[in-house]
Each structure stands twice: as C-alpha cells, then as structure tokens.
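Have a look at the structure below, then the notes.
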Amino acid sequence: MNFEPKLISVFSERLLQWYSRHKRDLPWRNNRDPYAIWVSEIMLQQTQVRIVIPYYHRFLKRFPDLATLAQASLDDVLKLWEGLGYYARARNLHGAARAIVQDRDGLLPDTYRGLLDIPGIGPYTAAAVASIAYDEACAVVDGNVVRVLARLLGINLPYSEKGAKAIYGNAADELLPQERAGDYNQALMELGALICTPVAPQCRRCPAQAVCKAHLTLPDPAVLPPKVKKKERPHHDIVVGVVWRAGRFLVHRRPARGLLGGLWEFPGGERRPGETAQTCAKRKIEEKFKIAVRVQEQLAVIQHGYTHFKITLYAFQCTFLSEQARPPEHVVVRWVTAAEAERLAFARSNQKILETLANPDV
DNA sequence: AATTCGGGGGA
DNA sequence: TCCCCAGAATT
C-alpha cells in the first residue's frame with residue numbers, strides 16, 4: 001500500500017499523545033524486564049487483559065525470574081496456569097526457560113529474529129517483546145491492530161483470508177514510527193481495546209478520527225474488518241466417575257500434548273449413542289484403568305464449551321471393587337485425597353466436580 | 001491453508 | 001446465544 005507521509009506522521013503522533021493521557025496502568029507496564037514482558041505477552045495471547053492480570057501477579061511472585069521458572073516443575077507451572085486455558089503456552093514457556101538456561105546462559109534473545117526461535121513465540125510475541133523490551137522497530141499485528149488498520153485504511157479483508165496477513169503486516173510496518181516502537185505498538189493495541197472496539201467503536205473519542213477512512217466514508221465503521229462466520233460446534237456427552245477407595249479417589253494425568261495436555265482429570269469418556277451414562281462410566285473406567293467399579297448416584301451435570309466443541313459432563317459417584325493383577329500401561333494414575341487434589345492442575349470442567357465434592361449442596 | 005488448542009465476559 | 005480476545009503450533 002502507498003500511504004501519504006502526512007497520514008503516517010499525523011496518525012502516530014496523535015496516537016502516542018492519546019496513549020500518554022489514556023493508557024491503563026497495567027502491571028507489565030511498570031518495568032522493562034524482558035522476562036516479565038515475555039511472560040505477559042504469552043499470557044495475553046488470545047486472552048483478555050482483565051483475565052490475565054491476577055495470573056500475571058501470581059506468576060511473577062512465584063517465578064520472579066527466568067532461572068526460578070526453569071527450576072520449577074511443569075506441574076507447578078501448570079497449577080499456576082490452571083483455568084487460563086491454552087496450556088501449551090505454559091508448557092512452552094517452561095520448556096523455553098529451561099532451554100535458555102541450558103543453552104543461552106539464561107538470557108532471552110534480544111532481537112525479533114532471535115525471539116522467533118523460542119517455542120511459543122511467534123510473529124506477534126517476537127515483535128512485542130523486541131519493541132517493548134529492546135526498542136527494536138518492529139510492528140505487532142494482533143486482533144486489535146487488524147481491527148484498527150482495517151478501519152483506518154479501509155481494508156475490506158478478513159485477516160484469515162489468503163494473503164491478508166501480508167497486507168495487514170505491510171500496512172503495520174509502513175505506519176510504524178522508527179522511534180518509540182514499543183510505546184507505539186502498545187498504543188495501537190490500547191486504541192483497539194478501548195476505542196476502536198469490535199462493536200460500537202467510540203469514534204467521537206478517537207485520536208485518529210480525522211484520518212480514519214472508515215469513519216470518514218462508512219455509515220458504520222464497525223463493519224470492518226468483515227466478520228467470518230464460525231462453524232457450529234458439535235456437542236458430546238462425557239461421563240466421568242469419582243471412584244472412591246479408602247477415602248481417596250482416582251485421578252489421571254492427560255497426555256503431555258494435545259487438548260488440556262498435562263492436566264489431571266477424573267476417569268471417563270464419551271457416551272455412545274443408546275448407552276446409558278452409568279454403563280458408559282463403568283465401561284470406560286474398567287477398560288482403561290483395569291479395575292472393577294460400581295457406579296452409584298449422580299454427582300453433577302456440567303455444561304462446558306471448548307473452542308471447537310461443547311460437552312455435557314455427567315459425574316457419578318463410584319466405589320472401587322477390585323483390580324486386575326496387571327496394572328494399566330501408559331496411564332498416569334494417582335489415588336488422592338481432596339486436599340491432595342487441590343495441588344494438582346485440573347481442567348476447568350473437572351474443577352466444577354471438585355467444587356461439588358467440597359460443597360455437597362442441595 | 002486449515003485445524004487445533006480454553007475459558008470468560010460482554011452484548 | 002454468539003463473539004472475540006496483546007496467536008502459535010501442528011497437520
């Protein structure tokens with residue numbers, strides 16, 4: 001794209017001035033420690049600021065520097081991440097910290113290119129850390145930036161469209177001032193978060209009002225960027241059991257990768273069509289864990305949504321009857337008390353079961 | 001190029 | 001309900 005130089009300078013100057021007056025006081029803006037900024041940017045991936053804030057405080061209190069994080073166990077890191085979602089972020093952050101201590105003398109790369117080599121750091125996060133922590137002049141492109149650029153420049157393309165990444169990326173590069181890139185990047189995202197919002201943007205308060213193509217030419221600037229329709233999410237019935245044996249119940253750890261990787265959960269599985277929930281619980285638990293159980297009363301029914309599907313979770317009380325001589329393979333099992341379970345990281349849906357166990361209300 | 005990865009809050 | 005959030009890795 002070819003922008004008039006005037007648009008570029010007017011936009012960045014007004015944006016930075018607006019930012020200096022209206023920016024939120026966010027915890028990661030209080031220092032320029034590359035490690036702290038890295039942690040914040042990983043947490044902020046696809047996650048709103050207000051959700052991240054308490055997690056960020058707890059994380060930096062518990063793991064104040066890269067070496068401390070590297071020494072921690074993955075279980076401890078996952079426990080702190082519990083409920084935040086996208087757990088590969090925590091696994092990558094922890095693994096990267098260990099690799100950096102081992103191979104790089106504990107120092108995070110200090111360039112955009114170098115940062116891209118770190119697991120969990122992609123184009124956005126590399127540009128964010130490089131510009132904010134190291135003053136490198138590289139442009140971030142996140143959901144906020146795409147929305148602001150689409151409206152400012154009248155780009156009528158969903159970011160997911162073929163070739164759209166390059167168009168938005170080039171636009172962001174051309175608008176980026178060479179000075180104060182970190183402040184500029186944060187200002188652009190702040191504008192998207194506070195003014196140029198997905199619905200009902202506050203154009204009246206926008207510092208770019210006078211140069212914004214959408215505001216100047218469209219009845220409703222919010223039509224940009226164009227929405228893409230989402231596929232509907234399939235639904236599954238999942239049945240799990242709380243299997244009691246001498247005051248403890250059975251939990252197992254999910255495989256290290258994939259959905260909810262590394263988190264703990266109650267045993268169970270998907271109900272087949274025509275199968276009762278009780279039969280399903282018995283079948284799933286006995287097959288996988290090589291034990292015999294009796295399924296008892298229903299404990300909870302939980303609705304839960306994931307990115308690509310929805311589940312209804314039926315939880316049943318169960319009692320342990322007997323076990324086979326040969327233990328199950330490739331399954332990490334632990335019999336825990338309620339107090340011990342509190343120290344393990346559970347998926348959100350399973351946390352609701354734990355809460356029911358703790359407060360057997362009604 | 002598409003799909004997979006969580007969970008929550010606001011409209 | 002639906003949408004989308006300071007995206008990255010995998011297929």
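Fair warning: this is a prediction, and the values are worked out from it, not measured in the lab. Order of the sequence lines fixes the chain letters, A, B, ..., with proteins taken first and strands second; residue numbering starts at 1 for each chain.
Enclosure of atom CD in A:Q17 is not indicated, since only 12 or fewer non-hydrogen atoms of other residues, nucleotides or ligands lie within 6.0 angstrom.
A:K79 and A:E342 are not joined by a salt bridge, as no carboxylate oxygen comes within less than 4.0 angstrom of a charged side-chain nitrogen.
Each of A:K162 and A:L260 was matched to the nucleotide of DNA chain B holding its nearest heavy atom; the match closer to the 5' end belongs to A:K162. Of the two residues contacting DNA chain B, namely A:K231 and A:Y87, the nearest-nucleotide position lying further toward the 5' end is that of A:K231. With DNA chain C read from its 5' end, the first of the two nearest nucleotides for A:E41 and A:P119 is the one closest to A:E41. Both A:N92 and A:K230 sit near DNA chain C, but only A:K230 has its closest nucleotide nearer the 5' end.
Rounded to a whole Å, the CZ atom of A:R233 is 10 Å from the P atom of C:dC3. What separates CG of A:L188 from P of C:dA6 is a distance of 12 Å, to the nearest Å. Per the geometry, CD belonging to A:Q46 stands 16 Å off P belonging to B:dG8, to the nearest Å. In this structure, A:I118 places its CD1 atom 11 Å from P of C:dA9, rounding to the nearest Å. If you take CZ of A:F346 and P of B:dG7, they are 13 Å apart, rounded to a whole angstrom. Atom NE2 in A:H308 sits about 13 Å away from atom C1' in C:dA8, given to the nearest Å. The distance between atom CD1 of A:I121 and atom C1' of C:dA8, rounded to the nearest whole Å, is 11 Å. Atoms CZ (A:R348) and P (B:dG7) sit 8 Å apart, rounded to a whole Å.
Taking atom P in both B:dG8 and C:dA9, the straight-line distance is 24 Å, to the nearest Å. Across the P atoms, C:dA8 and B:dG9 are found 24 Å apart, a figure rounded to whole Å. B:dC5 and C:dC5 have their C1' atoms separated by 14 Å, given to the nearest Å. Between C:dC4 and B:dG6, the distance separating the two C1' atoms is 13 Å to the nearest Å.
If you check every strand for non-hydrogen atoms under 4.0 Å, A:G192 touches nothing. Among the protein residues, A:L93 comes within range of no part of the nucleic acid, since none of its heavy atoms lies under 4.0 Å from any strand. Within 4.0 Å of A:W28, counting heavy atoms only, lies at least one base atom of the nucleic acid.
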Check: So A:L218 and A:D220, side-chain contact (heavy atoms from CB on, under 4.5 Å) or not? Walk me through it.
Finding: CA-CA 5 Å; A:L218 297 177; A:D220 179 15; 5.9 Å; no

Notebook entry, point to check: Run the side-chain contact (heavy atoms from CB on, under 4.5 Å) check on A:F59 and A:L69 step by step: do they pass?
Noted result: CA-CA 9 Å; A:F59 198 96; A:L69 176 60; 3.7 Å; yes

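Below 30°, between 30° and 60°, or above 60°: for A:F266 and A:F249 the angle between ring planes is between 30° and 60°, a tilted geometry. Using bins of under 30°, 30° to 60° and over 60° for the plane-to-plane angle, the ring pair A:Y56/A:W28 lands in the perpendicular bin.
Residue A:T125 places no side-chain atom within donor-acceptor reach of the base of C:dG7, judged by atom type and a 3.5 Å distance cut-off alone. Evaluation of atom-type donor-acceptor distances gives a pair under 3.5 Å for the side chain of A:T47 against the base of B:dG6. Not a single donor-acceptor contact under 3.5 angstrom links the side-chain atoms of A:Y124 to the base of C:dG7.
When the side-chain nitrogen and oxygen atoms of A:H304 are compared with OP1 and OP2 of B:dG7, one or more of them lie within a distance under 4.0 Å. Between A:K227 and C:dC4, a side-chain N or O to OP1/OP2 separation shorter than 4.0 Å is present.
A:E190 CD to A:L26 CG: the interatomic distance, rounded to the nearest 0.5 Å, is 6.0 Å.
For A:T307, counting side-chain heavy atoms from C-beta on, the closest listed nucleotide (C:dG7, B:dC5, B:dA11) is B:dC5. Each of B:dG9, B:dA1, B:dC5 was ranked by its minimum atom distance to the side chain of A:R50; first place goes to B:dG9. Distances were taken from every side-chain heavy atom of A:Q45 (C-beta onward) to each of C:dG7, B:dC5, B:dG7; the shortest belongs to C:dG7.
Nucleotide B:dG6 forms no Watson-Crick or G-U wobble pair with any nucleotide shown, as no partner meets the under 3.5 Å limit on both distances.
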